[in-house]
Peer 1: 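Just passing along the structure, written as structure tokens.
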Amino acid sequence: MAKITKLDDIVSLCKRRGFIFQSSEIYGGLASCYDYGPLGVELKRNVRNAWWKRVVQMRDDIVGLDCSILMHPMVWKASGHADKFADLVTVCRKCNTRSRVDHLADDGEEHTAHVRVEAAMAEAGELARKKCPACGAVGQFAEPMAFRLMFETEMGANVDDTMTLFLRPETAQGIFVNFRNVMDSTRVKVPFGIAQIGKSFRNEVTTKAFIFRTREFEQAELEFFCAPGTDDQWYEYWKAERFRWYTDLGIQGENLRLREHDPDELAHYAKGCVDVEYRFPFGSGDWQELEGIANRTDFDLRQHQRGMRTMNDWYEAGRDLTKITLKEEDADYIKGPLSYFNEETKERFVPYVIEPSAGIDRSTLAFLVDAYDEEEVKGETRNVLRFHPDLAPVKAAIFPLVKKDGMPEIARKIYDDLKARFTCFYDEKGAVGRRYRRQDEAGTPFCITVDGQSKEDNTVTVRDRDSMEQIRVGADQIRGYLMERLGM
RNA sequence: GCGGGCGUAGCUCAGUGGUAGAGCGUCACGUUGCCAACGUGAAUGUCGUGAGUUCAAAUCUCAUCGCCCGCUCCA
């Protein structure tokens, strides 16, 4: 089995078959942005739907949400993004290595704790005595560059009355700020989860690697709220459950793994974090993150309780986020507005959160790469995408063997019937063998062919993508047959 | 942001100053009639973009955009 190993081959396949195009290509392209073509949009939608079905539809303890990309600026003050997503970076003039100012220490002693951007600014003045962690040169740093990791935009048509907003860098915060609303409207009880799929935006320092790291990307996030003390078991549960989702959809086990973060790698609020990683064929064949599953403790809800208490300061500071600091927590925070009351135990607490956060674009790429296969058939190379039926962009293609003798009419009728149930493709042009192979490269699981015999006994052939074997099925049973084989 | 490589048809690529090409794919017709068959014919190019040098630029120079690899970075 010859697997493609170069990213270029994948990019080429994606363009050739209409999965993924460079954004704004006729204008020379726009860095880090990609468009999904006719097959790609179906694939990506299927990935999204597979996630939603598993995480929301099939469960009675999780509900969905779809919140706006633009949110109140205070959301990002409370979450910490407004501070931390503005890291200062400097370059060592001697070795050209870039370092974050807040990562530098005197005489090169390393520390990785995040500090507020104001503090980093203050530190920037002291670069003269900082040591480059790469080459050891002291005081060779250039003027620090401020990286705004959140996209900014303005709301308001009247230029004199606009407010600067951020495009969300993650969908999770929209869930936290709607925690109260969902609680009040849906009669859910802890433990329960809120799930959301949507676009997020980050000004990544580096992008690259095709659609793996882009500045505009789609996330599928679940915030699963549980009682303190039960968080460890739910964390373990979601690790296993999320890993299984990928393998159930056909990712080969040897290309997938869970990687637990080291304690010093954890964000300050996280109690535990594990990545679901896939071995992508780019870079040095490195394992790359598809999804992170974190135990975020009660950090987020408590932060938003602090944010709610800070609103007056924000107004008084002329709505300038940079001029305020979050108010300290109420001593009685556990009874705050985002707390939960358990009727049975009569206990009130701020729920802990387990967060599985998956990248839809990354997963789509992984499913695409993993499904790709080449095999030798009679001296010819057959390219085939062995998608799981749930993910296949087109579920069945319907052909007349030849474009005459009434075969197209019968095939059309079958096509019209099937397309109401799932995505189908009709093709009557050229040799049937070529049509089969084209569908192989699109990953279509089944091809239905109407031939001479169809008119006599009302049967058609069903050709299997993976084995290339054909069987005859009654034309009036074809729908049920396919639905069953497709697991629908 | 640094270093290296690359950018010519939908894809893979050839083309080192003098008429823009090949294979594959696509389309049409014929033939065939179950696995990328064959025959004939056809369409498709801002040679990434812009400027410069030159009688003449895909080719030389500069700038710029984009992609890949390696650093760096990365909740």
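In what follows, chains carry the letters A, B, and so on, assigned in the order in which the sequence lines appear, proteins first and then strands, with residues in each chain numbered from 1.
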Peer 1: Is there a Watson-Crick or G-U wobble partner for B/rA20 with both distances under 3.5 Å, and which nucleotide is it?
Peer 2: none
Peer 1: Using the C1' atom as the reference point in each nucleotide, state the distance between B/rG39 and B/rU46 in Å, no decimals.
Peer 2: 36 Å
Peer 1: Does the side chain of A/Lys429 get closer than 4.0 angstrom to OP1 or OP2 of B/rA28 through an N or O atom?
Peer 2: yes
Peer 1: Should B/rC2 form a Watson-Crick or G-U wobble pair with both distances under 3.5 Å, which nucleotide is its partner?
Peer 2: B/rG70
Peer 1: C1' atom, B/rU54 versus B/rU16: distance in rounded Å?
Peer 2: 16 Å
Peer 1: Nearest-Å distance, CD (A/Glu428) to C1' (B/rA28)?
Peer 2: 14 Å
Peer 1: Who does B/rG45 pair with, Watson-Crick or G-U, both distances under 3.5 Å?
Peer 2: none
Peer 1: Taking only nitrogen or oxygen atoms into account, show me every contact under 3.5 Å that the protein makes with nucleotides 39-47 of chain B, one pair per line with its distance.
Peer 2:
unit_1	atom_1	unit_2	atom_2	d
B/rU46	O4	A/Ile26	O	2.9

Peer 1: Quick check: on RNA chain B, is the nucleotide nearest A/Tyr269 upstream (toward 5') of the one nearest A/Ser12, or the reverse? Name the residue that is more 5'.
Peer 2: A/Ser12
Peer 1: For B/rA57 and B/rG30, measure between their C1' atoms and round to the nearest Å.
Peer 2: 45 Å
Peer 1: For atom P, what is the distance between B/rU8 and B/rC67, given to the nearest Å?
Peer 2: 14 Å
Peer 1: For A/Tyr436, enumerate each residue passing the ring-ring contact (aromatic ring centres under 6.0 Å, His included) test, keeping only those at least two apart in sequence or located in another chain.
Peer 2: A/Phe399
Peer 1: Does the distance from a Lys or Arg side-chain N to an Asp or Glu carboxylate O, for A/Glu376 and A/Arg382, drop under 4.0 Å?
Peer 2: no
Peer 1: Is B/rC60 paired to anything, Watson-Crick or G-U wobble with both distances less than 3.5 Å, and if yes, which nucleotide?
Peer 2: B/rG52
Peer 1: With sequence neighbours left out, write down each residue that passes salt bridge (Lys or Arg N to Asp or Glu O under 4.0 Å) with A/Asp232, or none if nothing qualifies.
Peer 2: A/Lys271
Peer 1: Rounded to whole angstrom, note down the C1' distance from B/rG17 over to B/rC60.
Peer 2: 8 Å
Peer 1: Can you tell me which nucleotide in B/rC67, B/rC74, B/rC68 comes closest to the side chain of A/Phe210?
Peer 2: B/rC68
Peer 1: Send over the distance from A/Arg213 CZ to B/rU72 P, rounded to a whole Å.
Peer 2: 13 Å
Peer 1: Each nucleotide in nucleotides 30-36 of chain B should get exactly one letter: B, S or -. Can you fill that in based on protein heavy atoms under 4.0 Å?
Peer 2: ---BBBB
Peer 1: In this structure, how many angstroms lie between the C1' atom of B/rU12 and the CG atom of A/Leu13, rounded?
Peer 2: 13 Å
Peer 1: What integer number of Å spans the P atoms of B/rC47 and B/rC69?
Peer 2: 28 Å
Peer 1: Please list, chain by chain and in numerical order, all residues satisfying side chain to side chain donor-acceptor pair (under 3.5 Å) with A/Glu469, sequence neighbours excluded.
Peer 2: none
Peer 1: For B/rC2 versus B/rU72, give the span between their P atoms, rounded off to a whole number of Å.
Peer 2: 16 Å
Peer 1: Pick base, sugar-phosphate or nothing for A/Phe21, based on heavy-atom distances below 4.0 Å to the nucleic acid.
Peer 2: nothing
Peer 1: Tell me every residue that passes ring-ring contact (aromatic ring centres under 6.0 Å, His included) with A/His72, counting only those two or more places apart in sequence or in another chain.
Peer 2: A/Trp314
Peer 1: Can you name the one residue among A/Arg485, A/Gln477, A/Arg479 that meets side-chain hydrogen bond (donor to acceptor under 3.5 Å, both in side chains) with A/Tyr481?
Peer 2: A/Arg485
Peer 1: Write down the distance between CG (A/Asp275) and C1' (B/rC74), rounded to a whole number of angstrom.
Peer 2: 12 Å
Peer 1: For A/Phe179, check ring-ring contact (aromatic ring centres under 6.0 Å, His included) against everything at least two apart and list the hits.
Peer 2: A/Phe225
Peer 1: Rounded to the nearest Å, what distance is computed from the CD atom of residue A/Gln288 to the P atom of nucleotide B/rC73?
Peer 2: 15 Å
Peer 1: Expressed as a whole number of Å, how far does the P atom of B/rU40 sit from that of B/rG23?
Peer 2: 12 Å
Peer 1: Need the pair for B/rG25. Rule: Watson-Crick or G-U wobble, both distances under 3.5 Å, any strand; none if unpaired.
Peer 2: none
Peer 1: Which whole-number value in Å describes the distance from A/Leu30 CG to B/rC67 C1'?
Peer 2: 13 Å
Peer 1: Whole-Å distance between B/rC13 C1' and A/Arg16 CZ?
Peer 2: 14 Å
Peer 1: With a 3.5 Å cut-off and sequence neighbours excluded, list the donor-acceptor pairs that the side chains of residues 422-435 of chain A form with protein atoms.
Peer 2:
unit_1	atom_1	unit_2	atom_2	d
A/Tyr426	OH	A/Glu428	OE1	2.7
A/Asp427	OD1	A/Lys429	N	3.1
A/Arg435	NE	A/Lys429	O	3.2
A/Arg435	NE	A/Gly430	O	3.2
A/Arg435	NH1	A/Pro400	O	2.8
A/Arg435	NH1	A/Asp427	O	3.1
A/Arg435	NH2	A/Pro400	O	3.4
A/Arg435	NH2	A/Leu401	O	3.1
A/Arg435	NH2	A/Gly430	O	2.8

Peer 1: Between A/Trp238 and A/Phe224, does a ring-ring contact (aromatic ring centres under 6.0 Å, His included) hold up when you go through it step by step?
Peer 2: CA-CA 9 Å; A/Trp238 281 109; A/Phe224 193 84; 5.5 Å; yes
Peer 1: Sort out the partner of B/rA36 for me: Watson-Crick or G-U wobble, both distances under 3.5 Å, none otherwise.
Peer 2: none
Peer 1: What's the CZ-P distance between A/Arg215 and B/rC74, to the nearest Å?
Peer 2: 15 Å
Peer 1: My understanding is that only residues two or more places apart in sequence, or in another chain, count here; which of them pass ring-ring contact (aromatic ring centres under 6.0 Å, His included) with A/Tyr34?
Peer 2: A/Phe210
Peer 1: Would you verify whether the NZ or CZ of A/Arg242 falls within 45 degrees of the ring axis of A/Trp245 while also being under 6.0 Å from that six-membered ring's centre?
Peer 2: yes
